[in-house]
2 protein chains.
Amino acid sequence: MSTASSLSPAASQFVESWGSLGVLWGLNRSMARIHALFLVTDEPVELDQVAKVLNISRGNASMCLKELRNWGVIQRVHKPADRQDYYVAEPDVWTTFFRIAVERKKREFDPALNNLRHLLSEEDFSDSPKTQKRLEDMEDLFSTANTILGSLLSNEKTGRKAVGLLKRVLPKG
Amino acid sequence: MSTASSLSPAASQFVESWGSLGVLWGLNRSMARIHALFLVTDEPVELDQVAKVLNISRGNASMCLKELRNWGVIQRVHKPADRQDYYVAEPDVWTTFFRIAVERKKREFDPALNNLRHLLSEEDFSDSPKTQKRLEDMEDLFSTANTILGSLLSNEKTGRKAVGLLKRVLPKG
DNA sequence: CAAATGTTTCAGTTTATACTGAACGATCCA
DNA sequence: TGGATCGTTCAGTATAAACTGAAACATTTG
């Protein structure tokens, strides 16, 4: 698709679109653009190329690459007799999706649930039955979400099966 | 729980925690704090009280209340012989959850999917089979998500049943 | 071990988002 | 009809998030 140093118009458009679209995944604009670049590039790419092609600073590129690696959606690779770091996208988009989901649950959902549980156990809201009920329902909702997410995300294979099953079993919207 | 003009320490703590936690739902801090205020308050509350109790401007309170109403998570109510607008939270937290999910799909997911489909149909990425495959997989992933979400969210009752089923059927994380 | 090459960090800056409060418009009531 | 009450809007301001670029750090090689 793309050469090492510039992008075709089509690829470029994809990169920019993915930039906004990536917010859905929880990536910021630069991270999403970089990820898109890898998605449309077969060859391993190194930091300088990323910065140059996307017109961002090396510092930003470095931080984003690190973060994308933390999320497990790109990998660092090396070429023989070349000490530069190259990066490639995780080839399987479903794996990518699951990795991000797992990571976001860990970073965002789990602390929120702990916080909520802590609040509801420490504090006494019970002088109003209606309020009490609502907060209990809220905890139930979060706990249920936790159970389902935990199950779907504990194991990628299980998750994929469940997704396939859901797709077949659910009535058409 | 709370009187009309101030909050108990417990309620106050809940409001502040929900403020950060609400980002998970897609609300900003003020919206989440206001929503939390309604969750721990039985009586209908009016704009001035919201602004005063949460220490935010009337303008901000007004905009947030409007937005929360758009999301369908609070309702406007009136007292006889009183022309002020009062607001109460949707009492059912699952309904609240579904309304927000429906709204976010509409606002965030659907346009993203359209964008992606448009890109993949208009542009030709096919000179690299690997890249082409990845983009097709991506479209498949989004389409599948669309089908599942559409089904779960098309009807609240269906959605609730599916959630209950999932909870029972899935293996423990 | 010094120079060259490649990577990371972070203080300062830019950009995007959220918030304020005064002005305006609408509705009610004397 | 004119003042009072209540709600909304929006230009300006504050806060938070993202990004830059130069300096520091690490690694390799002659």
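So you know, we letter chains A, B, ... as the sequences are listed, proteins then strands, and number each from 1.
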Exercise for the section: Just jot down the side chain to side chain contact (heavy atoms under 4.5 Å, CB included) partners of N146(A), sequence neighbours excluded, or say none. Expected result: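 Per chain and number, N146(A) pairs via side chain to side chain contact (heavy atoms under 4.5 Å, CB included) with K105(A), F109(A), D110(A), L113(A).
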
Practice task
Would you please name every residue forming a side chain to side chain contact (heavy atoms under 4.5 Å, CB included) with K133(A), sequence neighbours left out?
Solution key: D137(A)

Exercise for the section: Would you indicate, yes or no, if dC19(D) has its OP1 or OP2 atom less than 4.0 angstrom from a side-chain nitrogen or oxygen of N28(A)? Expected result: yes

Exercise for the section: Evaluate the side chain to side chain contact (heavy atoms under 4.5 Å, CB included) criterion for residues S62(B) and L47(B): first the C-alpha distance (whole Å), next the side-chain angles of each, then the deciding distance (0.1 Å), finally the verdict. Expected result: CA-CA 7 Å; S62(B) 175; L47(B) 193 150; 3.8 Å; yes

Handout entry: Sugar-phosphate, base or nothing in reach of D48(A), heavy atoms under 4.0 Å
Key =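 It contacts nothing in the nucleic acid.
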
Practice task
Would you please name every residue forming a salt bridge (Lys or Arg N to Asp or Glu O under 4.0 Å) with K161(B), sequence neighbours left out?
Solution key: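 Once residues adjacent in sequence are excluded, K161(B) has no partner under the salt bridge (Lys or Arg N to Asp or Glu O under 4.0 Å) criterion.
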
Practice task
Apply salt bridge (Lys or Arg N to Asp or Glu O under 4.0 Å) to E16(A) and list each qualifying residue two or more places apart in sequence or on a separate chain.
Solution key: R29(A), R33(A)

Mind calculating the distance between [atom1] ([X]) and [atom2] ([N]) to the nearest angstrom?
| X | N | atom1 | atom2 | answer |
| --- | --- | --- | --- | --- |
| R76(B) | dG7(D) | CZ | P | 9 Å |
| M31(B) | dT17(C) | CE | C1' | 14 Å |
| Y86(B) | dT5(D) | OH | C1' | 13 Å |
| R33(B) | dA18(C) | CZ | P | 15 Å |
| D85(A) | dT7(C) | CG | P | 5 Å |
| R29(A) | dC19(D) | CZ | C1' | 11 Å |
| Q84(A) | dA4(C) | CD | P | 17 Å |
| N55(A) | dG21(D) | CG | P | 10 Å |

Practice task
If you link ILVMFWY side chains whenever their heavy atoms are less than 4.5 Å apart, which other residues fall into the same cluster as V77(B)? By chain and number, please.
Solution key: Y86(B), V88(B)

Practice task
Please list, by residue number, the residues of residues 56-73 of chain B whose heavy atoms come closer than 4.0 Å to an atom of DNA chain D; answer none if no residue qualifies.
Solution key: R58(B), G59(B), S62(B), M63(B), K66(B)

Practice task
Could you pull out all residues at least two apart from N114(B) that satisfy side chain to side chain donor-acceptor pair (under 3.5 Å)?
Solution key: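 Checked N114(B) against side chain to side chain donor-acceptor pair (under 3.5 Å); zero matches.
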
Could you pull out the protein-nucleic contacts involving nucleotides 26-30 of chain D (nitrogen or oxygen on both sides, under 3.5 Å)?
none

Problem - Pairwise distance CE(M63(A)) to CD1(I34(A)) - rounded to 0.5 angstrom - result: 10.0 Å

Practice task
Tell me which nucleotide among dC19(D), dT7(C), dT8(D) gets nearest to the side chain of Y87(B).
Solution key: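 Side chain of Y87(B) sits closest to dT8(D).
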
Practice task
Hey, could you give me each pair passing salt bridge (charged side-chain N to carboxylate O under 4.0 Å, His left out) that has a residue in residues 66-75 of chain B? Not counting sequence neighbours.
Solution key: E67(B)-R107(B)

